[in-house]
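Below: one structure, written as structure tokens.
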Amino acid sequence: MRKKIIAGNWKMYKNSAEAVALVEGLKKELGAPNGVEVVVCPPFVNLTEVAKVVAGTHIALGAQNLFWETEGAFTGEISGAMVKATGAEYVIIGHSERRQFFGETNATVNKRLKAALKVGLKPIVCVGENLAEREGGKTFDVVKDHITGSLVDLTKEEMKTLVIAYEPVWAIGTGKTATSAQAQEVHKFIRDLLVKMFDQTTAEATRIQYGGSVKPENAAELMSQPDIDGALVGGASLKADSFAAIIKNTK
Ligand code: 13P
């Protein structure tokens, strides 16, 4: 049985004081755990402050990226060990915004992934097609390319902590959610691909999140699909009440 995982990707929103206020609010709204794993992913500069607020709660902390080198003259970069030292448990890797604006490729996703695993961070690896690719009937080709390219040389053992996030780019920040059937179709495709790449046990144990305009109103329907194991939430994770409602609507 896969435990559902709902993560909030705060992207480049919230300064330190705002981040602390948001997670304090979330703590209050959530109350006792409901069996769903909860993760918040603030910008790097707020990780340490947010870590203090979530310590001892069931809310886990994640970063939004990391660099693959361990240390050195890499101005502006943050290593996996530095992320880990803040108390973070997860790290988002290969988000479509990084692929789109910062030159991220499958090869660099793979390097970051291995760096994350090396320091014991649990990677949330993002994949998904853009609108032109979907309309051109290329969804499965693109998703297959992202998955096979990003997970090169990974062992079954390493797959144990890895989470995949299927985020169709056309659904991100657009208010245009994939229907539960559209999402389920791709999630099933990913799981079948994992069977071929690894084995049945690994595929069945791997959690696959959906991301793209997830809101309290559509969360329950999406999360009820057999191969959807949680959500990676952007906009709706920036308010304690809406993020908590998504978590509460997840069974
Ligand atoms: P929205 O929920 O704002 O569409 O963002 C999704 C996303 O990109 C999460 O990583």
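In each ligand, atom 1 is the first atom listed, and ligand 1 is the first ligand listed.
Remark: ligand 1 atoms within the under-4.0 Å shell around heavy atoms of G234 are 1 (P), 2 (O), 3 (O), 5 (O), 6 (C), 9 (C). Below 4.0 Å from some heavy atom of G212 lie the following atoms of ligand 1, by number and element: 4 (O), 6 (C). Close approach of ligand 1 to I172 (heavy-atom distance below 4.0 Å) involves ligand atoms 4 (O), 5 (O), 6 (C), 8 (O). Atoms of ligand 1 found under 4.0 Å from any heavy atom of G173 (numbered from 1 in listed order, with element): 1 (P), 3 (O), 4 (O). Using a 4.0 Å cut-off to heavy atoms of A171, the atoms of ligand 1 that qualify are 4 (O).
Of the protein's heavy atoms, E167 OE2, 3.2 Å lies nearest to atom 7 (C) of ligand 1. The closest protein non-hydrogen atom to atom 3 (O) of ligand 1 is G235 N, 2.8 Å.
Of the heavy atoms in N9, only side-chain atoms (C-beta onward) come closer than 4.0 Å to ligand 1.
Residue K114 qualifies as enclosed at atom NZ: its count of foreign heavy atoms under 6.0 Å is above 12.
Applying the salt bridge (Lys or Arg N to Asp or Glu O under 4.0 Å) test to R99 and every residue at least two apart in sequence or in another chain returns nothing.
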Only distances under 3.5 Å count here; give the side-chain donor-acceptor pairs of residues 66-84 to other protein atoms, sequence neighbours excluded, each with its distance to 0.1 Å.
| unit_1 | atom_1 | unit_2 | atom_2 | d |
| --- | --- | --- | --- | --- |
| S79 | OG | A81 | N | 3.4 |
| S79 | OG | M82 | N | 3.1 |
| K84 | NZ | G120 | O | 3.3 |

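At a 4.0 Å cut-off, not a single heavy atom of A236 sits close enough to ligand 1 to count as contact. In this structure, K215 does not count as a contact residue of ligand 1, since none of its heavy atoms falls inside 4.0 Å of the ligand.
One distance of note links CD1 of I164 with CG of L194; it measures 4.5 Å at 0.5 Å rounding.
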